[in-house]
There are 2 protein chains.
Amino acid sequence: MTTSTGGRPRDAGRDVAILEATLDLLTEVGYDDLTTAEVARRAGAGKATIYRRWPSKAELVLAAVGRMGGDPPRLADLPDTGTLRGDLAALFRPQTPADDERSLGVMRGLTSLLSQSPELAEAASNAMVGPFVESQRLLMQRAVDRGEVPDGADVATVARVTPAMTAFRLAVERRPVDVDELMHLVDVVVLPALRVAPPG
Amino acid sequence: MTTSTGGRPRDAGRDVAILEATLDLLTEVGYDDLTTAEVARRAGAGKATIYRRWPSKAELVLAAVGRMGGDPPRLADLPDTGTLRGDLAALFRPQTPADDERSLGVMRGLTSLLSQSPELAEAASNAMVGPFVESQRLLMQRAVDRGEVPDGADVATVARVTPAMTAFRLAVERRPVDVDELMHLVDVVVLPALRVAPPG
DNA sequence: CAGTTCTGGTACTGACAAGTACCGGAACTG
DNA sequence: CAGTTCCGGTACTTGTCAGTACCAGAACTG
């Protein structure tokens with residue numbers, strides 16, 4: 001329990017560089033082909049520096065993925081266009097192309113990670129899909145509160161539809177998903193399920 | 001082009017034994033941890049016998065998975081209860097527990113296969129998810145034809161919802177899916193999307 | 001019979017990568 | 001100063017496993 005006192009202090013900045021390099025590499029080659037040697041090279045670090053912080057490759061990737069999720073979404077930060085359809089359209093529009101590219105690549109890379117253990121799969125799923133579901137849940141609940149969506153709608157279930165189908169597309173079929181397809185899904189499945197009149 | 005004539009003929013029965021063993025092992029340990037040595041041991045075969053038929057582990061697993069799909073579903077073979085909801089309920093009820101266990105296990109095992117190449121991913125997806133989607137599409141189209149579902153419904157899109165969410169649950173979240181949950185999804189999402197009045 | 005290709009089984013090669021062990025040097029404590 | 005723990009970098013150990021090479025025997029052709 002005695003935190004050793006002497007010696008050179010650990011540079012927290014190296015953690016960031018290593019995790020960033022891990023995430024980049026994960027998007028490019030996937031978990032299986034990610035090597036700690038390459039992570040070290042890109043981070044400008046030694047392998048010892050990595051293994052001093054994380055006991056295994058799995059823990060390293062887990063930490064890197066965990067960083068992605070960030071804070072849970074808050075309603076105040078979400079789009080507010082006046083209609084649920086508009087809110088969802090705004091939600092699907094990627095903030096920056098880089099963000100979009102990264103989450104797509106990470107999802108692809110995670111496919112191989114999923115096979116390692118349920119524990120890793122859960123963490124990955126939570127980090128990637130969880131915030132997306134929660135954002136939709138908040139938007140839908142607000143639509144219920146303002147009367148756009150009839151009360152009693154099963155928001156929790158419907159909020160899972162597009163994230164699940166997106167994850168399926170990326171992880172299983174391995175095809176990209178574009179915003180038009182997502183909006184088609186919203187018009188054909190999500191809004192009818194919530195008993196919202198279709199547009200046009 | 002000259003098919004050599006002499007020599008001991010190849011025993012087609014070994015193909016079956018090897019592919020069965022491959023499928024079994026795939027459900028148990030997944031693609032990454034599947035070794036050709038263990039496949040050979042379970043099939044009571046030599047590794048040479050495997051590699052004489054399939055040039056690589058990937059091709060072997062691909063052949064094993066391809067066997068699963070079988071013939072495309074035909075409307076005459078699908079349940080016909082009089083209502084779309086009843087048909088879907090009958091579709092979800094597994095024919096035999098063994099079938100159910102196997103497809104669940106294979107989906108789990110395939111998670112790691114998906115990361116290998118888009119080609120393998122596509123084959124796996126087609127074999128596993130394709131028939132499920134097609135069955136639902138046929139049932140929904142029949143419901144349209146008999147007037148239970150309004151014309152103009154986007155059957156092709158809605159038919160993908162539960163297969164995608166099932167695959168997502170199995171492959172990404174790695175949790176089992178039970179029939180009650182699927183029927184809840186039918187009542188809350190699928191039927192409303194098709195403009196069918198909810199039961200009760 | 002001889003010649004060929006199959007069979008299960010074992011042993012081997014070759015490549016790859018996780019994790020460990022050091023190195024010389026840097027940054028801290030006391 | 002001495003002592004400790006960090007740093008990047010390199011070399012090494014260790015284990016795994018796909019794929020190959022053989023073997024001795026079996027099943028065929030002619």
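First the proteins, then the strands, lettered A, B, ... as listed; each starts at 1.
Under the 4.5 Å side-chain criterion, counting only non-hydrogen atoms from C-beta, D187(A) is in contact with R85(A). Contact check for W54(B) versus L19(B): side-chain heavy atoms found under the 4.5 Å cut-off. Considering only heavy atoms from C-beta on, M140(A) stays 4.5 Å or farther from V149(A) through its side chain.
Between dG9(C) and R41(B), no contact under 4.0 Å exists linking OP1 or OP2 to a side-chain N or O. Close to dA18(D), at under 4.0 Å from its OP1 or OP2, lies a side-chain N or O of T36(B).
Atom C1' of nucleotide dG9(C) and atom CD of E38(B) are separated by 15 Å, given to the nearest angstrom. Distance CG (D11(B)) to P (dG25(D)): 21 Å, rounded to an integer number of Å. Going from atom CG of L25(A) over to atom P of dA17(C) covers 11 Å, rounded to whole Å. The nearest whole Å value for the distance from the CD1 atom in I18(A) to the C1' atom in dG8(D) is 11 Å. Here the P atom of nucleotide dT16(D) and the NZ atom of K57(B) are 14 Å apart, to the nearest Å. Distance OH (Y31(A)) to P (dA17(C)): 13 Å, rounded to an integer number of Å. Per the geometry, CG belonging to L34(A) stands 12 Å off P belonging to dG19(C), to the nearest Å. If you take CG of D32(A) and C1' of dC17(D), they are 14 Å apart, rounded to a whole angstrom.
Across all strands, L60(B) comes closer than 4.0 Å to no nucleic acid atom at all (heavy-atom distances). Residue R52(B) is in base contact, counting any heavy-atom pair closer than 4.0 Å across all strands shown.
Residues from residues 43-51 of chain A placing a heavy atom under 4.0 Å of any atom in DNA chain D, listed by number, are G44(A), A45(A), G46(A), A48(A), T49(A).
Screening L88(B), V196(B), V161(B) for a side-chain contact (heavy atoms from CB on, under 4.5 Å) involving V186(B) leaves a single residue, L88(B).
With sequence neighbours excluded, no residue satisfies side-chain hydrogen bond (donor to acceptor under 3.5 Å, both in side chains) with D178(A). Applying the side-chain contact (heavy atoms from CB on, under 4.5 Å) rule to A21(B) yields the partners V39(B), R42(B), A43(B); only residues at least two apart in sequence or on another chain are considered. For the side-chain hydrogen bond (donor to acceptor under 3.5 Å, both in side chains) test, residues two or more places apart in sequence or in another chain that qualify with D145(B) are Q141(B).
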Check: protein-nucleotides 23-30 of chain C nitrogen or oxygen pairs below 3.5 Å:
residue: dG25(C); atom: N2; partner: R8(A); partner atom: NH1; Å: 3.2
residue: dA27(C); atom: N3; partner: R8(A); partner atom: N; Å: 3.4
residue: dC28(C); atom: O2; partner: G7(A); partner atom: N; Å: 3.4
residue: dT29(C); atom: O3'; partner: T5(A); partner atom: OG1; Å: 3.2

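Applying the salt bridge (Lys or Arg N to Asp or Glu O under 4.0 Å) definition to pairs two or more places apart or across chains, those involving residues 133-143 of chain B are D80(B)-R142(B), D87(B)-R142(B), E134(B)-R137(B).
Hydrophobic clustering of Ile, Leu, Val, Met, Phe, Trp and Tyr side chains at less than 4.5 Å, counting indirect connections, keeps L23(B) apart from V16(B).
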